[in-house]
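One structure is given below, encoded as structure tokens.
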Amino acid sequence: MSGDHHHEPSFIRKYVFSVDHKVIGVQYGITALSFLFLGFCLMMLMRWQLAYPGEKMPYIGNIFGEAAMPGGVMLPEFYNSLGAMHGTIMIFLGVVPLLVGAFGNYVMPLQIGAPDMAFPKLNMMSYWVYFVGGVVMITSFFVPGGAANSGWTSYPPLSDIATAGQTWWLFGMVCLITSSLLGSVNFIVTIIQLRVEGLTMFRLPFFVWAQLITSFLLLLAFPPLEAAGVLQLMDRLAGTSFFLPEGLVVSGVLQTQISGGGSPLLWQHLFWFLAHPEVYVLILPALGIVAEVIANNTRKPLWGYRAMIYSTIFLGFMSFIVWAHHMFMTGMGTKISAFFATTTMIISIPSVVILTALVISLYQGAIRFTVPMLFALAFLPMFAIGGLTGLPLGLPAADIHLHDTYYVIGHFHYVVAPGTIFAIFAGIYFWYPKVTGRMLNSTLGYIHFFFSFIFINIVFMPMFWQGMAGVSRRLYNQTVYAHGDAVQSLTVMSSWGAWMLGLAQIPFIINFFISRFAGKKVSNNPWHATTLEWLAPSPPPHGNFETVPVVYRGPYEYSVPGASEDFNPQHVTTEACSSVS
Amino acid sequence: MSAEVLPYTIKPHPVTGLYNGKFGVWLFLASEVMLFGALFSTYIFLRIGAPETGPAAWPSGEETHLSWKIGGLNTLILILSSVTMVLAWVQFKMDNFGKGRLYLAITAILAIAFVAIKFKFEYAHKFHMDIVPSTSVFFAIYYTMTGLHALHIIGGVVVICYFIGPGAKLWDQNREYYTNRIECTGLYWHFVDLVWIFLFPILYLL
Ligand code: HEM
Ligand SMILES: [Cu+2]
């Protein structure tokens, strides 16, 4: 083992309640991937009801019980639960924990040369609080009335008077938010304080910058949602009316027992004040991963490294003043709408700068089409489609037509699914050898990439047309409306795309588990990369580095003229780089 | 084990001038500002939106049944506890463990007095008059904000008692480390007091 003079920690301390950032990163990774898979399964069920409304679900229709799917046919309430939990699980239990908890935790301390996170115990606590939040969310499926069914946005007044699952949802969210807050404090302190000698802020890999800004977003945007969650809990448990106006009528019945005086719009403001920055939490670390993979596989420095960093900082600031673009239809008034439309147009500029810099980085590169690079390359146009389709949504005149239609669903899924999720795949293929000491099989990787790319577009592209045809989101059965029935064939296409996409993940799952034991063994630096994580052994021991590294250069010195190799690692002195080894 | 290996756990970082724990507490307080900021915004939002007359109108001073005298007393108690908190830290800095611990104990007692007054003379009294969170939007926000604040106070008391009791072992191992932790606790404590300084006028006076 490593020459540690500490006694060997017990199994429990080492793998369960570990304080090592790498173990915690892997715990986050495995848990979050499982949730991602669960969220995906919920959605595959929904797609049956959408494609073949009211028909008995084949093979598995009977296992969900009479309360959810009597005779194998999905009830509307169950459909609503699936929709709400799909969104919640994907975002709060899947993607964010993967990007921040797994990649951030594992890679960031290595990239800055630190032995661990600044607060290892706090780090462990973040994971376990997140875990409890996940357990609460899953348990809520089994309470009377089923899981939360008011959408991942939990709009009142409906959420205030919904079944018990909503209370569970709120408790789960409080756990998840607390976990993120602890994590973000830890990340910021670590990045600022624990960088090794020579690693100035402008020598940090872009991935670390992305994590830094993301942490600030989590730190400052999540508390208002926590406050909102507490208020909604009060409404549900203590009978207050923060979000309930007086004279509220639900299903034709006047709600006399409530005191009234509140406002449903208050929730929307508090919610979107979090949830807009949250979408940048979903995309910034993904951009970070893509940047690392692109620099490494073009064998070129990132074009516009500083411009990307300044854009990211600016984006972080701006993301706090665009939230009401989700609320153009609430009658806020034209002046307020105009303000938020303007800020929304402004915030799109830094996003375009970053994307453009990444595209220009490809120019004249000696591109290696490795599996992670393919995912990173596919990310670029997919993120572009997602981003560009967002512009009409940011303009009130267009949004009045598009709001709450499938167009919106198409828009944000292009950003999150073939965008962020592809970046996550790129990251997994890229750093797997660091974590396990073995490569993922690239043939299986190519198959995984190729089919995923095709099918994911079949899933989401039709949604734009459906949305423009006026089909609302969250519909249980669109064929009961003439305009919905007219585009039902697109829904069927999208559903088949989703199921095929599920099949396309099989090579990945096999690869992921088999390569752990049978993958090709690799050296410390199989990709010939420059950043510090590749200096540490694969897998890195407790404490990460054998000796504390010193940094002499920026993060992406590839193909430097006169150098003996096409990459100059950050920790190697200039003399050593130019001497022929 | 890991505490000793990590840089700047005790000594401040040359550029930021902060040791890790203090930096962490400042960030945590930033998030707390956003938490209470959201609740204060809620207060403003609901108050501006309240109708001029009718049952949902914002209650006037007498209608709230909140006594500024009790609130004022509690304000004084908290301010005093902030002072004793600083004194405790100063004593630890000057290596007077006994006196420092005494000031910590006084801080804890003052905090407990605050909570006792809050529960005994305010909450219990109101519940007795059948004034509960669901009575009106004003009381909803009143109970939520002061309740959350009281939870913060109780959390602070637990931490202070920890450093008086089992946590004091750290003093023998590393005085600077211990004193740092008291400093961090103090920062949190001042913040919690500060929140009350804002809560008192908006609920009792305005
Ligand atoms: C990859 C395949 C995916 C498919 C086919 C899919 C499909 C869907 C469908 C059909 C809906 C519900 C529309 C309705 O309300 O009627 C939906 C909603 C949603 N999805 Fe996905 N999704 C996928 C992946 C993801 C991922 C990766 C995320 C997040 C990271 C995500 C986040 C959401 C959110 C937030 C909602 C809104 C939920 C709500 O409004 O209640 N989805 N998706
Ligand atoms: Cu937004």
Side-chain angles (χ1 to χ4, degrees), chain A residues 6 9 19-20 114-122 181-182 184-190 192-196 215-216 218-228 230-231 233-235 237-242 244-246 257-263 265-266 269-270 273-274 542-543 548, chain B residues 1-9 12-16 18-51 54-58 132-145 147-148 151:
Chain A
H6 328 284
V19 291
D20 187 315
D116 206 317
M117 293 287 257
F119 308 112
K121 285 196 196 119
L122 200 66
L181 286 176
L182 299 178
S184 59
V185 169
N186 215 342
F187 273 64
I188 297 173
V189 174
T190 307
I192 303 291
Q193 305 263 106
L194 298 193
R195 280 168 291 128
V196 286
S215 293
F216 272 106
L218 288 173
L219 184 78
L220 300 176
F222 254 138
L225 185 65
E226 190 143 34
V230 170
L231 298 181
L233 274 175
M234 290 291 286
D235 274 8
L237 300 178
T240 59
S241 302
F242 285 112
L244 300 175
E246 67 247 87
Q257 77 285 8
I258 62 169
S259 59
S263 159
L265 281 188
L266 175 60
H269 280 297
L270 292 173
F273 187 84
L274 153 88
H542 191 67
V548 179
Chain B
M1 160 184 74
S2 40
E4 294 114 54
V5 253
L6 288 172
Y8 311 118
T9 300
H13 187 284
V15 178
T16 59
L18 303 168
Y19 51 88
N20 294 344
K22 193 162 164 186
F23 194 175
V25 167
W26 277 116
L27 291 171
F28 171 67
L29 293 184
S31 87
E32 291 278 284
V33 168
M34 296 305 289
L35 178 72
F36 281 99
L39 291 174
F40 281 107
S41 313
T42 299
Y43 171 94
I44 295 170
F45 187 98
L46 290 175
R47 187 162 181 170
I48 288 178
W58 204 258
V132 289
S134 60
T135 303
S136 70
V137 165
F138 174 81
F139 283 105
I141 193 91
Y142 166 78
Y143 278 109
T144 310
M145 291 183 94
L148 209 60
L151 278 182

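Proteins come first, then strands; the chains are lettered A, B, ... in the order of their sequence lines, and each starts at number 1.
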Shortest non-hydrogen contact from [X] to [Y]?
X: A:Val230; Y: B:Thr144; value: CG1-CG2, 4.0 Å
X: B:Ser134; Y: A:Ala238; value: CB-O, 3.5 Å
X: A:Ser263; Y: B:Phe45; value: OG-CE2, 3.6 Å
X: A:Pro224; Y: B:Ala38; value: CA-CB, 3.7 Å

Nearest-0.5 Å distance, [atom1] of residue [X] to [atom2] of residue [Y]:
X: A:Leu225; Y: B:Leu35; atom1: CG; atom2: CG; answer: 10.5 Å
X: B:Leu6; Y: A:Gln193; atom1: CG; atom2: CD; answer: 11.5 Å
X: B:Asn20; Y: A:Leu122; atom1: CG; atom2: CG; answer: 11.5 Å
X: B:Ile141; Y: A:Leu231; atom1: CD1; atom2: CG; answer: 6.0 Å
X: A:Leu218; Y: B:Ser31; atom1: CG; atom2: OG; answer: 11.0 Å
X: B:Thr16; Y: A:Ile192; atom1: OG1; atom2: CD1; answer: 8.0 Å

What part of A:Leu194 is in contact with chain B, defined as an atom under 4.5 angstrom from a non-hydrogen atom: side chain, backbone, both or neither? side chain
Between A:Phe273 and chain B, with a heavy-atom cut-off of 4.5 Å, which part of the residue counts as in contact: side chain, backbone, both or neither? side chain
Please check if the number of heavy atoms outside B:Trp26 that lie under 6.0 Å from its CH2 is greater than 12. no
Please classify the contact of [X] with chain A as side chain, backbone, both or neither, using a heavy-atom distance under 4.5 Å.
X: B:Tyr19; result: backbone
X: B:Ala30; result: both
X: B:Thr135; result: backbone

Best-contacting candidate, A:Leu270, A:Thr190, A:Leu265, A:Thr240, against chain B by heavy atom pairs under 4.5 angstrom: A:Thr240
For residues A:Val189 and B:Tyr8, determine if any side-chain heavy atom of one lies less than 4.5 Å from a side-chain heavy atom of the other. no
Pick from B:Val33, B:Thr42, B:Val25: which one has the most heavy-atom pairs with chain A under 4.5 Å? B:Thr42
